[in-house]
Amino acid sequence: VVNPKMAQLQNDGNVIFGLGPALMEQIVYDGGQATNPNLADYAIPSIRDLPAELISVCIESDAGEMHGIGEMTLPPVAPAIANAIEDAVGVRIKDLPITAEKVLRALKEKSQR
Amino acid sequence: MILNVNGNRRDVHEGTRTLLEVLRDELGLVGAKEGCGVGMCGACTVLVNGKPVSGCLVLAAQAADKEIVTVEGLAKDGKLHPVQQAFIDERAFQCAYCTPGFILSTAALLKENPNPSEGEIREYLSGNLCRCGSYQNILKAVSESSKRLR
């Protein structure tokens, strides 16, 4: 890892950006018109959404090639949260964002089955 | 109309435009950024009489008899403000579009509350959004600033 401090920061950013589509971000359309096209109605992660603990571990490998980190640790955030929810309460949410309402509905459906 | 900006009296013409527009377009102070334009993102934060306000929501004329501080006004005698230096030392930004707003909000927070808890920092800075997600380093920079300013 060439620059560990910036690698950690980039990874933090990926995780926090990834929390957005995973848990809160959704454009709502009504007849083709976006009804929440601003930051008042379309929430993105703020500093209050920063997890209490967020640790990046960079793994060194001689076989690794030199390349930028980019956003490669962003896509796993949503599936990781979905897996954690299934592990915790036994329901699998398959569409984003994973809202409290969706989890509650899934739990109710499960209990009726 | 006269605006008192960063300790200087500046003559401006367009009092009916937003403070942000006048600062950027008339006075060339482009530290404050337009993000959302509706007061939700904090990128346009400036201090008016020591309080952080969204420059996009205030008309220039409303700030006429007040003391305005932008990020350009924080450094003194060629030396960065301790909050600015802490943001650099802790690498508290990636693209840095939100940084002037975060720095001014932090400076205002530490004036009001020199030794804030992590919860108080999170609450005070929740009106500033960082799309790159550098919040963890921002928290460190605020704690570090608080130590240095005490």
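In what follows, every chain begins at residue 1, and chains take the letters A, B, ... in the order their sequences are listed.
- Counting heavy-atom pairs closer than 4.5 Å to chain B, the top-ranked of the candidates A:Gly20, A:Gly18, A:Gly13 is A:Gly13.
- If you measure heavy-atom distances from A:Ala52 to chain B, the contacts under 4.5 Å come from the backbone alone.
- The candidate from B:Arg91, B:Arg131, B:Met40, B:Gln94 with the greatest count of non-hydrogen atom pairs under 4.5 Å with chain A is B:Arg131.
- The two residues B:Leu129 and A:Pro45 make their nearest non-hydrogen contact at CD2-O, 3.9 Å.
- Contact detail for B:Gln136 and A:Asp12: the closest heavy-atom pair is NE2-OD2, 3.0 Å.
- Looking at B:Leu125, the atoms closer than 4.5 Å to chain A (heavy atoms on both sides) sit in the backbone and in the side chain alike.
- Rounding to the nearest 0.5 Å places SG of B:Cys36 at 14.0 Å from OH of A:Tyr42.
- Between B:Glu118 and A:Arg48 there is no salt bridge, since no side-chain N of the basic residue sits under 4.0 Å from a carboxylate O of the acidic one.
- Around CZ of B:Arg148, the count of heavy atoms belonging to other residues, nucleotides or ligands within 6.0 Å exceeds 12.
- No more than 12 heavy atoms of other residues, nucleotides or ligands shown are found within 6.0 angstrom of CD on B:Glu67.
- Atom CD1 of residue A:Ile47 and atom OG of residue B:Ser126 lie 8.5 Å apart, to the nearest 0.5 angstrom.
- Interface remark: A:Ile16 contributes side-chain atoms only to the contact with chain B (heavy atom separation under 4.5 Å).
- Interatomic distance, CD of B:Glu90 versus CG of A:Leu9, reported as 11.0 Å (0.5 Å rounding).
- The contact between A:Gln10 and chain B is made by backbone and side chain atoms together, counting heavy-atom distances below 4.5 Å.
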